[in-house]
Amino acid sequence: MTIWFNIAEGIEEVVSAIAANLDAFDDNFSPEVRLADPRFGDYQANGVLGFAKRNRQNPRALAEKLIEALRNSNSLDENLIEMSVAGPGFINFKLNKEFLFQWLQSYATKEDYSKAAASRYSGKKIVTDYSSPNSAKQMHVGHLRSPVIGEAIKRMLSYFGAEVIGDNHIGDWGTAFGKLILAIKRKNFDLKAKHDDPLTELESLYKWGNQATDEDPKALEEARNELVKLQNGEEQNVAYWEAINHISNLGFHKIYARLGIEFDYELGESFYRDKVQRVYDELEETGVGEKSEGAWVVFFPDHKRFKKQPFLYRKSDGASNYASTDLATVLYRLEAFNAGEIIYVTDDRQRDHFEQLFLTVEKWFTAKGYKIPKLKHVYFGTILGKDRKPVKSRSGNPILLNDLLNEAVERSLKIVEEKSPDLRDEEKQEIAETVGVAAVRYADLMQNRSSDYVFSWEKLLSLDGNTAPYLLYAIARIKSIFRKIELAVDADLKEASSLETEAEIGLARKLTEFPFALEQALSDLRPHQLCIYLYELAGAYSTFYNADKVNVKYIPVRNRRLMICQRTLLILETGLNLLGIKTLEKM
RNA sequence: GCACCUCUAGCUCAAUUGGAUAGAGCACCUGACUACGGAUCAGGAGGUUGGGGGUUCGACUCCCUCGGGGUGUGCCA
């Protein structure tokens with residue numbers, strides 16, 4: 001019998017194949033194999049219930065029929081997997097310890113894992129669009145989720161074998177620059193002079209410009225003119241614009257470096273400024289776009305909302321907006337990258353925009369006969385304060401990302417000094433940096449992305465319970481055991497006896513669930529599913545660690561426990577790496 | 001106004017997408033071997049899943065309705 005990497009999927013296939021040969025079932029039957037409550041088994045097939053209902057049959061009898069056919073076929077070795085019918089028609093599968101042991105031996109190395117996983121999405125080409133901050137503004141807590149979630153999704157897709165491009169679609173073009181240039185000119189700000197904190201100064205210039213244009217229609221007119229001059233390539237404004245972006249990008253990349261966020265491309269909105277004309281032309285030529293109230297828009301007569309609320313892709317003054325550049329971006333990603341799929345990671349306030357964008361692309365590409373990439377909006381909840389309003393610090397400004405990370409690292413350092421006073425100062429500092437940054441990232445990732453995000457220092461900086469340090473600690477203890485025994489963590493362990501204790505079996509069972517958890521996280525693009533799994537795994541390890549001593553004298557027992565430690569380490573490190581979180585030797 | 005999202009233990013969140021007795025962390029209480037790192041583990045207490053109705057073998061999940069909170073809604077991104 002095959003020892004499948006993803007067990008649920010393996011059972012699913014076997015059951016499907018058997019059902020296909022039974023008269024009682026037809027093509028509409030799907031076994032729906034899921035993880036089961038441990039009281040009943042390891043996996044359960046729920047599909048018989050739904051199928052019986054749809055066809056007005058007795059589910060229990062149908063399940064009996066299916067299980068009998070399964071037994072007769074010998075496709076599942078009953079010495080490895082026990083099966084039974086329960087309740088109204090569930091089919092339960094119980095893996096015995098010999099199966100678990102064989103699984104652990106079949107998938108032993110990093111290469112075994114990545115090879116098994118990479119078959120899933122191989123051949124797919126996917127662009128992930130994440131972070132995408134606006135120039136001339138500092139990143140604050142509101143900018144945390146997109147890069148953190150986006151990086152995790154990119155890495156998971158890549159692990160599954162897809163060819164993934166990470167693109168940072170920086171907001172470096174648009175009306176903000178008119179206001180900024182206005183402010184620079186009126187305040188005589190010297191972009192080339194030395195400034196202590198240039199990005200902060202740019203941000204306050206922008207605020208000044210924004211206020212001025214709000215209060216004074218003449219200033220607004222002037223800002224528009226500056227923008228038009230920039231868009232027409234006027235030399236001085238282009239020079240301002242370049243300097244502004246240079247300063248911004250330096251600031252952004254300091255944060256990315258700290259968080260370990262990596263992009264393949266950073267094609268900002270400005271990159272598409274000479275590509276929007278084609279969008280205008282093609283939308284007009286195909287009749288997808290129309291002129292309305294002076295602007296160019298797309299209506300969707302069949303849509304309950306967008307028949308009245310159009311997608312505005314060219315302003316009445318002829319200028320582009322972010323809809324224009326987003327449209328041009330989709331086309332570029334199709335033609336330059338041959339993207340089969342594009343994933344946007346932004347907050348949920350942009351849901352309407354992306355829905356309209358996707359609908360427009362569909363109409364437009366259909367009319368032109370272009371291949372339509374799969375378009376997905378991976379949205380996340382907004383960051384709120386305790387008052388349910390967008391989060392602010394005491395001064396009224398949002399908390400800066402850099403300050404948040406500094407605080408996290410500081411708190412971690414205190415704990416390191418308390419728990420591990422013997423380490424060198426340098427080492428403590430490095431550990432604190434890793435732990436602090438990991439805690440913040442994990443706190444963000446462990447929460448279902450689509451719910452709103454209530455910011456609290458306490459939550460993002462927590463170091464107890466379901467947090468990154470808990471996972472890192474499990475890793476540090478495993479490594480410590482191997483150091484003590486003076487054995488490499490990937491040493492080939494012969495003479496391992498088969499699993500025996502409750503804690504060993506519990507941990508082994510959890511280990512085999514990794515592919516299922518990963519699949520689940522990826523099917524919905526929800527990294528928190530992986531977090532939940534890793535936390536449960538670390539929990540099962542801690543239970544095991546406290547219950548069964550690893551370094552015992554009797555080698556067959558010691559080796560089987562070491563083997564479980566190795567697999568736990570492998571999965572924890574792989575999983576955290578997929579989430580974009582660095583791991584440690586000691587802490 | 002219209003549309004969408006949301007409401008689960010004191011707090012912060014899960015719940016395998018309609019499955020079996022709704023689970024974790026924090027906080028609180030009780031315990032743990034001088035055995036490999038106690039940033040740990042074992043246990044306890046804590047629930048009318050916002051209210052009401054419906055669909056069915058089965059509902060936190062789907063439908064209706066009422067209420068609380070939030071977001072979006074033609075020239076910001």
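Reckoned from all heavy atoms, side chains included, excluding hydrogens, waters and symmetry mates.
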Under 4.0 Å between a side-chain nitrogen and a carboxylate oxygen: does that hold for [X] and [Y]?
X	Y	value
A:Lys510	A:Glu513	yes
A:Glu430	A:Lys582	no
A:Arg509	A:Asp42	yes
A:Arg60	A:Glu64	yes
A:Arg39	A:Asp37	yes
A:Arg314	A:Glu284	no

As a test of reading the structure: which of [options] is closest to the side chain of [X], going by heavy atoms?
X	options	answer
A:Arg39	B:rA15, B:rU21, B:rC41	B:rU21
A:Val550	B:rC36, B:rA20, B:rC41	B:rC36
A:Asp452	B:rG70, B:rG25, B:rA14	B:rG70
A:Gln447	B:rC36, B:rG37, B:rA14	B:rA14

Whole angstrom value for the distance that separates [atom2] of [N] from [atom1] of [X]:
X	N	atom1	atom2	answer
A:Arg449	B:rA14	CZ	P	12 Å
A:His377	B:rC4	NE2	C1'	13 Å
A:Glu486	B:rC36	CD	C1'	14 Å
A:Arg351	B:rC2	CZ	C1'	17 Å
A:Ile475	B:rG37	CD1	P	16 Å
A:Asn448	B:rG25	CG	C1'	16 Å
A:Leu463	B:rU12	CG	P	20 Å
A:Tyr473	B:rC36	OH	C1'	11 Å

Sticking with atom [atom1], work out how far [N] lies from [M], rounded to a whole angstrom.
N	M	atom1	value
B:rC62	B:rG69	C1'	23 Å
B:rU21	B:rU61	P	15 Å
B:rC26	B:rC41	P	9 Å
B:rU48	B:rA22	P	13 Å
B:rG74	B:rC28	P	50 Å
B:rG51	B:rA59	P	16 Å
B:rA24	B:rU16	P	15 Å
B:rG54	B:rA15	C1'	24 Å

[X] near the nucleic acid: base, sugar-phosphate alone, or nothing, with a heavy-atom cut-off under 4.0 Å?
X	answer
A:Leu49	base
A:Ala86	base
A:Met446	nothing
A:Val416	base
A:Gln44	base
A:Lys459	sugar-phosphate
A:Asp347	nothing
A:Phe311	nothing

Residue closer to the 5' end of RNA chain B, A:Phe90 versus A:Asp548 (nearest nucleotide):
A:Phe90
Comparing A:Ser451 and A:Asp348 on RNA chain B - which has the more 5′ nearest nucleotide:
A:Ser451
Contact under 4.0 Å: [X] side-chain N or O vs [N] OP1/OP2:
X	N	value
A:Lys419	B:rA39	yes
A:Lys304	B:rC4	yes
A:Ser542	B:rG37	no
A:Thr543	B:rA42	yes
A:Tyr470	B:rC41	yes

Would you please say whether a donor-acceptor pair under 3.5 Å links the side chains of A:Thr213 and A:Arg224?
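No.
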Would you say the side-chain atoms of A:Tyr272 and A:Asp326 include a donor-acceptor pair closer than 3.5 Å?
no
So for A:Asn466 and B:rA14, does any side-chain atom that can act as donor or acceptor lie under 3.5 Å from a complementary atom in the base?
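Checked by distance alone, the answer is no.
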Side chain of A:Lys53, base of B:rG58: donor and acceptor closer than 3.5 Å?
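Side chain to base: pair present.
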Please name the nucleotide paired to [N] by Watson-Crick or G-U wobble geometry with both distances under 3.5 Å, or report none.
N	result
B:rU61	none
B:rA24	B:rU12
B:rA42	B:rU30
B:rA35	none
B:rU56	none
B:rG72	B:rC2

Please indicate whether [X] has more than 12 foreign heavy atoms, meaning atoms of other residues, nucleotides or ligands, lying under 6.0 Å from its [atom1].
X	atom1	answer
A:Gln211	CD	no
A:Glu502	CD	no
A:Lys479	NZ	yes

Contact pattern, 5' to 3', of nucleotides 72-77 of chain B - B, S or - by protein heavy atom under 4.0 Å
SSBBSB
For A:Tyr545 and B:rU40, say yes or no: do the ring centres fall under 5.5 Å of each other while the ring planes differ by less than 30°?
no
Measuring only between side-chain heavy atoms, which start at C-beta, is A:Ser324 closer than 4.5 Å to A:Val279?
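No. Closest side-chain heavy atoms not under 4.5 Å.
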